[in-house]
Amino acid sequence: MVTQPIVREFEADLTIVAASEVATDVLALTLAAPDGSALPPWTPGAHIDLVLGDDLVRQYSLCSSPGDSTQWRVGVLRAPDSRGGSKVVHAELRERGTVRVRGPRNHFPMVRSPRYLFVAGGIGITPMLPMIADAEAAGAEWRLVYGGRSRASMAFLDELAVYGDKVSVVPQDEAGMPDLDALLGSPEPDTLVYTCGPTGLLDAIEARCAASWPVGALHLERFSAKASDTSGGTAFELVLQRSGLTLEVPADRSIYDVCKAAGVSVVGSCLEGVCGTCETEVVDGDIDHRDSILNEEEKASNEFMMICVSRCRSGSLTLDL
Ligand code: FES
């Protein structure tokens with residue numbers, strides 16, 4: 001058996017070189033290495049982990065330019081229903097001066113296309129900024145529909161203004177919700193749809209694309225787990241190929257938990273199938289995918305799974321762990 005080298009991802013304390021309120025309740029943080037050294041490369045759609053405290057890790061999309069390796073920028077919305085992450089970012093990070101960062105990782109990569117339709121809701125604009133810059137540089141046709149509660153709450157409108165009428169700004173208090181039937185009612189040829197925003201918006205876009213757009217046209221990134229049927233978990237055997245261990249995963253525990261308890265090195269963050277941190281290569285077994293990240297094609301490939309939520313339909317699962 002050939003043992004694969006474990007590639008450790010970047011993890012470091014970065015200096016907060018700028019923090020500014022770019023819209024109501026939206027703080028933009030610019031981060032750099034303390035010695036000014038280059039940060040790892042990334043591509044549009046990538047996110048980083050901010051390690052905000054013990055067991056408090058949150059993911060934020062990079063919204064700077066991949067061409068600038070000296071600085072990363074993220075935009076953080078102060079969420080009223082925050083489980084603590086955005087509150088810490090808004091209330092404490094400026095004073096701390098540094099923040100532990102892991103990544104970047106990209107589960108929302110751009111696929112080359114002659115045409116793009118970008119739809120952003122609220123803070124979902126952040127991954128779109130490098131994406132539209134990339135589409136523009138590549139000479140692709142594109143347009144962005146950007147919805148939000150009000151202009152004051154919509155971040156980065158100034159940066160988007162340079163794109164003129166390619167960008168439609170739809171503040172709810174002035175114009176209501178984006179007209180998704182008009183946007184997505186009939187598929188446009190050779191067009192990929194990229195969207196990020198609140199669950200309601202993404203569910204509505206997903207339903208419209210499923211009705212008439214080609215498979216693979218829609219690419220979306222969720223902030224929180226998609227509502228799905230997670231009932232009916234059964235126990236199964238778990239074989240960890242590199243560790244040489246065979247474990248039992250009971251019906252009421254996750255693969256991630258069982259591995260941790262057995263002392264196997266696994267990394268996780270959201271533990272609800274949203275961030276992609278725990279993605280693991282599958283060697284054998286019929287996966288019961290329960291995450292909100294992989295698209296249908298990726299799920300069907302049976303190559304990777306999110307071990308914090310996904311399970312196994314066959315009696316035995318072998319992982320590259
Ligand atoms: Fe976030 Fe598993 S830990 S997807």
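One-based numbering, in listed order, for ligands and for the atoms of each.
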J.: Is a side-chain donor or acceptor of Asn295 paired with a backbone partner of Glu297 at a separation under 3.5 angstrom?
T.: yes

J.: Please determine whether a side-chain nitrogen of the Lys or Arg among Asp288 and Arg311 lies less than 4.0 Å from a carboxylate oxygen of the Asp or Glu.
T.: no

J.: Does the pair Glu136/Lys166 count as a salt bridge with the N-to-O cut at 4.0 Å?
T.: yes

J.: Flag the pair Asp320 and Arg242 as a salt bridge only when some basic side-chain nitrogen lies within less than 4.0 angstrom of an acidic carboxylate oxygen.
T.: yes

J.: Which of the numbered atoms in ligand 1 are below 4.0 angstrom from a heavy atom of Gly268?
T.: 3 (S)

J.: Check ligand 1 against Gly276 and write out every atom of the ligand that is under 4.0 Å from a heavy-atom position of the residue.
T.: 1 (Fe), 4 (S)

J.: Please determine if atom 1 (Fe) of ligand 1 has an N/O/S atom from Cys308 lying under 2.8 Å away.
T.: no

J.: Which ligand 1 atoms does Val274 reach within 4.0 Å, using its non-hydrogen atoms?
T.: 4 (S)

J.: Within less than 2.8 Å of atom 1 (Fe) of ligand 1, any N, O or S from Cys275?
T.: yes

J.: Can you tell whether the side chains of Asp291 and Arg222 come within less than 4.0 Å, N to carboxylate O?
T.: no

J.: Which residue supplies the protein heavy atom nearest to atom 3 (S) of ligand 1, what is that atom called, and how far is it?
T.: Ser269 N, 3.2 Å

J.: Which ligand 1 atoms are under 4.0 Å away from a heavy-atom of Gly273?
T.: 4 (S)

J.: Give the minimum heavy-atom separation between Met110 and Phe118, together with the two atoms involved.
T.: CE-CZ, 4.1 Å

